[in-house]
Amino acid sequence: RLHRRQPPFSVDLDSIRVPDSELCKSASELLAAASEPWLVNHCLRTFLWATILGRQGQHRFDEELLFVASALHDIALLSAGDQLSRSSADCFAVEGAFAAEKFLAPFGLDPRRQEVVAEAISLHFNVRVPLAYGIEAHLLHEGAALDVIGARFDEVAAATRDEVLRAHPRLEMKSSLVAAMKRQSNMRPHSRAGVLCGYGFISMIRSAPFEAVEQ
């Protein structure tokens, strides 16, 4: 039996609110302090895409944890290489998970909630993150993949996509992200970044249905 394709999913962006908690405010401040503007906007869009796709799938998820994971998922992307010789991990996503755990420690969160954030960040650079790994991890991956390579792009209504991009412009993200991924791949050829770049990840970034990459 053929399944009828669902129409693109539409969301009023005003209905998506970042939880007004000290944890989310602090995560936002850390993101802004540690990241370049294009990466800040990528992380904020990732939360919006993840929330939109979560609503589309009628999933129940922890908005606070999803926001913190989205805000911090690339926290080590631009800075990890500078401390490579002292790093205990060979992947910026794993280093980001360690950084998130350090950030979360003073807030007195339940250990399981801390683990949800760290695992989501560590897993987000996998090719797939099934629901079995947790809804927040799954949605973080789906939101980031939409923003980076345009995965599930057509599942979101054009008006909703435009609203997200107006709220947090891409700021020539493709060229900046390509440079960051090339740097990660060169520094760590056996990491996930190195392996994925070897299989065409750079071309996927450039081919995403957003703005053209600047040469």
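Because the structure is a prediction, the values reported are computed rather than measured.
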Item to complete: Run the numbers on M173 and V148 for side chain to side chain contact (heavy atoms under 4.5 Å, CB included), then give the verdict.
Response: CA-CA 9 Å; M173 172 177 147; V148 171; 3.9 Å; yes
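- Here L139 contributes atom CG and D62 contributes atom CG; the two are 11.5 Å apart, rounded to the nearest 0.5 Å.
- A donor and an acceptor atom, one from each side chain of E101 and Q114, are nowhere located under 3.5 Å apart.
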Item to complete: Starting from the C-alpha separation in whole Å, work towards a yes-or-no answer on side chain to side chain contact (heavy atoms under 4.5 Å, CB included) for T160 and F9.
Response: CA-CA 8 Å; T160 299; F9 190 70; over 6 Å; no
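- Cluster membership check: V195 does not share its hydrophobic cluster with L77, using side-chain heavy-atom separations under 4.5 Å among Ile, Leu, Val, Met, Phe, Trp and Tyr.
- Salt bridge status for K25 with E64: absent, with no side-chain N to carboxylate O gap under 4.0 Å.
- If you chain together hydrophobic residues whose side chains sit under 4.5 Å apart, I205 and F92 fall into the same group.
- Considering every non-hydrogen atom in both P19 and C24, the closest pair reads O-CB, 3.4 Å.
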Output a table of donor-acceptor pairs, distance under 3.5 Å, between side-chain atoms of residues 116-124 and any protein atom two or more places apart or on a different chain; print 'none' if there are none.
| residue | atom | partner | partner atom | Å |
| --- | --- | --- | --- | --- |
| H124 | ND1 | I121 | O | 2.7 |
| H124 | NE2 | D74 | OD1 | 3.3 |

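- Side-chain contact between Q184 and C197 is absent, with no heavy atoms from C-beta onward closer than 4.5 Å.
- Taking all atoms of both residues into account, the shortest heavy-atom contact from D14 to E163 is N-OE2, 4.4 Å.
- L72 and V129 end up in different hydrophobic clusters when Ile, Leu, Val, Met, Phe, Trp and Tyr side chains are linked at under 4.5 Å.
- Of the possible polar contacts, one joining the S175 side chain to the E172 backbone as a donor-acceptor pair under 3.5 Å is found.
- Residue L44 is grouped with residue L53 when hydrophobic side chains (ILVMFWY) are merged at heavy-atom distances under 4.5 angstrom, including chains of intermediate members.
- With a 4.5 Å cut-off on side-chain heavy atoms, F125 and V94 do not count as touching.
- Between E115 and R112 there is a salt bridge, since a side-chain N of the basic residue sits under 4.0 Å from a carboxylate O of the acidic one.
- Across all non-hydrogen atoms, the minimal contact from I75 to A99 is CG2-CB, 3.9 Å.
- Evaluation of the side chain to side chain donor-acceptor pair (under 3.5 Å) test over residues 128-142, restricted to residues two or more places apart or in two chains, returns E142-R152.
- Nearest heavy atoms, R170 versus W38: O-CB, 4.0 Å.
- Atoms OG and CD, on S10 and Q56 in that order, are 11.5 Å from each other to the nearest 0.5 Å.
- Looking at N126 and R192, their side chains do bring a donor and an acceptor atom within 3.5 Å of each other.
- Taken to the nearest 0.5 Å, the OG atom of S185 stands 9.5 Å off from the CG atom of L196.
- Salt bridge absent: R17 and E63 never bring a charged side-chain N and a carboxylate O closer than 4.0 Å.
- Transitive grouping of hydrophobic side chains (ILVMFWY, heavy atoms separated by less than 4.5 Å) brings V156 and F61 into a common cluster.
- Between the side chain of S26 and the main chain of L23, no donor-acceptor pair closer than 3.5 Å is present.
- Between R60 and I135 the shortest side-chain heavy-atom distance does not fall below 4.5 Å.
- R45 and S70 form no side-chain donor-acceptor contact under 3.5 Å, judged by distance and modelled atom types alone.
- Taking the ring pair (Phe, Tyr, Trp, His ring centres under 6.0 Å) definition, one finds that F67 meets it with F47, sequence neighbours left out.
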Worksheet item: Are F98 and F103 close enough, and set up right, to give a ring-ring contact (aromatic ring centres under 6.0 Å, His included), and what steps lead you there?
Response: CA-CA 9 Å; F98 289 152; F103 162 77; over 10 Å; no
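- Here the side chain of K182 pairs no donor or acceptor atom with the backbone of L177 at under 3.5 angstrom.
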Discussion item. Between V40 and L171, is the side chain to side chain contact (heavy atoms under 4.5 Å, CB included) condition met? List the steps.
Written reply: CA-CA 10 Å; V40 172; L171 304 179; over 6 Å; no
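- Rounding to the nearest 0.5 Å gives a distance of 9.0 Å between CZ of R188 and CZ of R183.
- A151 and L146 get closest at one heavy-atom pair: O-CG, 3.1 Å.
- When atom types are taken as modelled, the side chain of D147 and the backbone of T46 share no donor-acceptor pair closer than 3.5 angstrom.
- Between C43 and H73 the shortest heavy-atom distance is SG-CE1, 3.7 Å.
- Remark: I149 CD1 to S203 OG distance equals 12.0 Å, nearest 0.5 Å.
- Atom OG1 of residue T51 and atom CG of residue L66 lie 5.0 Å apart, to the nearest 0.5 angstrom.
- Looking only at side-chain heavy atoms (C-beta outward), P169 and N41 come within less than 4.5 Å of each other.
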Item to complete: Let me see the working for I16 and R55 under side chain to side chain contact (heavy atoms under 4.5 Å, CB included), right down to the final yes or no.
Response: CA-CA 10 Å; I16 300 177; R55 290 186 182 181; 3.8 Å; yes
